[in-house]
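Heads up: numbering here begins at 1 and tracks the sequence.
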Amino acid sequence: MKTKLLAIAMFTIAAASAQVSIRIGPPPPPRIIRLQPRSPGNGYIWVEGYQYPVGNHYKWHNGYWTRPPYSGARWTSPRYEGERYYDGRWEGERGERGHDHHSDRGRDRDYRRDDDRR
């Protein structure tokens with residue numbers, strides 16, 4: 001009985017930590033944007049437009065100016081490689097930060113989003 005309960009508990013833990021993924025194939029080619037708007041000010045960087053998965057299709061994300069989440073952070077563009085999609089993210093000495101598509105309205109969309117407000 002104890003062995004059966006232990007097996008059920010281990011299966012439940014394994015199932016809870018499993019990652020679900022959907023294969024939707026490579027993204028369509030990027031859209032060609034010919035005009036990059038002028039920078040809104042010092043400290044802003046340009047992030048090129050890219051495709052990102054939403055459900056079982058891709059959605060285009062226009063290029064944009066933003067400030068990094070912390071000083072020295074660099075943007076790593078999203079990519080599709082080996083039948084897997086890798087999200088774009090900020091990288092640097094203070095760790096990685098993903099881009100939250102729910103905060104796409106303002107120029108400071110990623111700036112100190114989850115930082116310690118230094």
To check you understand the geometry: which heavy-atom pair defines the closest contact between [X] and [Y], and what is its length?
X	Y	answer
Tyr86	Glu81	CE1-O, 3.8 Å
Pro69	Arg97	CG-CG, 3.8 Å
Tyr85	Pro53	CE2-CD, 3.3 Å
Tyr70	Arg94	CB-NH1, 3.3 Å
Gly88	Pro78	N-CB, 3.4 Å
Pro29	Gln51	O-NE2, 3.7 Å

> Are Val54 and Tyr64 co-members of a hydrophobic cluster defined by side-chain heavy atoms under 4.5 Å apart?
Replying inline: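 Cluster IDs for Tyr64 and Val54 match.
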
Using 0.5 Å steps for rounding, measure from the [atom1] atom of [X] to the [atom2] atom of [Y].
X	Y	atom1	atom2	answer
Trp75	Glu48	CH2	CD	11.5 Å
Ile45	Trp90	CD1	CH2	3.0 Å
Tyr52	Tyr58	OH	OH	12.5 Å
Trp65	Arg38	CH2	CZ	10.5 Å

> What is the ring orientation for His61 with Tyr50, classed by angle as parallel under 30°, tilted 30 to 60°, or perpendicular over 60°?
Replying inline: parallel

> Are any non-hydrogen side-chain atoms of Ser39 and Trp46 less than 4.5 angstrom apart?
Replying inline: no

